[in-house]
Amino acid sequence: MAVQFQFVMRSGPTPGATYSLEADQIIIGRDSTNGVVINDSEISRKHARLTFQGGKYVLDDLGSTNGTFVNGQRLAGPVVLRSGDVVSLGEQIVLMFEVLSSDAGATVIAPRKSAPAPVMSSPVMPAQPQVAAPPPPSNYSTPLTPAKRNTTVPILIGVGVVLVICLCIGLLLYQFAPASFWSSLCGFLPFMAWCS
């Protein structure tokens with residue numbers, strides 16, 4: 001009995017697409033040289049890696065921006081995949097990992113280096129809702145708008161300087177102006193009774 005492995009896209013750019021997993025090492029990502037190419041902005045160029053070890057595929061994140069999740073748990077290290085596992089790449093891409101058994105007379109895609117493990121199916125777990133990741137940092141900074149200047153302080157200083165100058169001129173006039181000037185001024189301005 002031959003065993004075949006595949007991913008089926010549940011959500012993403014091409015729902016229902018099937019990716020046969022045949023090589024001993026498969027890179028998943030946006031780059032066209034990868035074994036599994038998913039052209040989506042949430043996917044890093046080299047997002048995750050599948051490695052065939054001991055008849056099973058092991059999934060590992062390659063430092064992707066939006067993360068790799070298995071059954072809703074973000075990968076912190078390599079994880080052995082089981083049939084029915086839900087693999088999420090970022091928030092929108094959901095793949096179902098499937099292990100298929102076929103008859104011995106059926107066409108085998110490619111022989112494996114090691115003997116396949118017995119097939120054990122597990123119940124299909126629904127995808128867990130993911131918390132929104134922060135947007136990736138941009139390569140440019142937003143221009144800063146200049147802050148509005150507080151014009152109150154300079155105006156008050158200007159008014160104060162003008163008052164001090166007027167006071168100085170008034171004191172000089174009071175000291176050096178002839179008495180006739182002040183008496184005529186006091187007669188002209190009746191509210192200045194203090195000067196008489």
Discussion item. Just verifying a value: how many Å separate Y57 OH and Q25 CD, rounded to the nearest 0.5 Å?
Written reply: 10.5 Å

Worksheet item: Quick check: does any side chain N or O of H47 sit under 3.5 Å from a backbone N or O of G67, one acting as donor and the other as acceptor?
Response: yes

Discussion item. Are the side chains of L59 and L75 in contact, using a 4.5 Å heavy-atom criterion?
Written reply: yes

Practice prompt. Step by step, work out the side-chain contact (heavy atoms from CB on, under 4.5 Å) result for F97 and L21.
Written response: CA-CA 10 Å; F97 180 72; L21 307 175; 3.7 Å; yes

Discussion item. Between N66 and S64, do the side chains contain a donor N or O and an acceptor N or O under 3.5 Å apart?
Written reply: no

Worksheet entry | Donor-acceptor contact present, side-chain T68 to main-chain D61, <3.5 Å | no

Discussion item. Grouping I, L, V, M, F, W and Y whenever their side-chain heavy atoms are under 4.5 Å apart, do V161 and I169 come out in a common cluster?
Written reply: yes

Worksheet entry | Heavy-atom pair of closest approach, residues T33 and D31 | OG1-OD1, 2.6 Å

Fill in: Under 3.5 Å donor-acceptor, R30 side chain and I43 backbone
yes

Discussion item. What's the separation between atom NZ in K56 and atom CZ in R82, rounded to the nearest 0.5 Å?
Written reply: 9.0 Å

Discussion item. With clusters defined by side-chain heavy atoms of hydrophobic residues (ILVMFWY) lying less than 4.5 Å apart, directly or transitively, does V164 cluster with L172?
Written reply: no

Discussion item. I need the minimum non-hydrogen distance between V58 and Q53, along with the two atoms involved.
Written reply: CG2-OE1, 3.6 Å

Item to complete: Might you point out which heavy atoms bring I26 and E22 nearest each other, and give the distance in Å?
Response: CD1-N, 3.9 Å

Worksheet entry | Nearest-0.5 Å distance that lies between atom CZ in R10 and atom OG in S88 | 12.0 Å

Worksheet item: Do the non-hydrogen side-chain atoms of I38 and L89 ever get within less than 4.5 Å of each other?
Response: yes

Discussion item. Looking at E42 and E91, would you say the former's side chain and the latter's main chain have a donor-acceptor pair under 3.5 Å?
Written reply: yes

Worksheet entry | Sole residue of L62, V36, L50 in side chain to side chain contact (heavy atoms under 4.5 Å, CB included) with I27 | L62

Worksheet, complete the sentence: In this structure, CD of E98 is separated from OG of S20 (nearest 0.5 Å) by 10.5 Å

Worksheet item: Can you check whether I28 reaches N34 side chain to side chain, under 4.5 Å on heavy atoms?
Response: no

Worksheet item: Side-chain contact, heavy-atom cut-off 4.5 Å: M9 with Y19?
Response: yes

Worksheet item: Would you say the side chain of V87 lies within less than 4.5 Å of the side chain of F7, judging by non-hydrogen atoms?
Response: yes

Discussion item. So which atom in I93 and which in P13 form the shortest heavy-atom distance, rounded to 0.1 Å?
Written reply: CD1-CD, 3.4 Å

Worksheet item: Where the side chain of N71 meets the backbone of V86, is there a donor-acceptor pair that is under 3.5 Å apart?
Response: yes

Discussion item. Working to the nearest 0.5 angstrom, can you tell me the gap between S32 OG and N39 CG?
Written reply: 9.5 Å

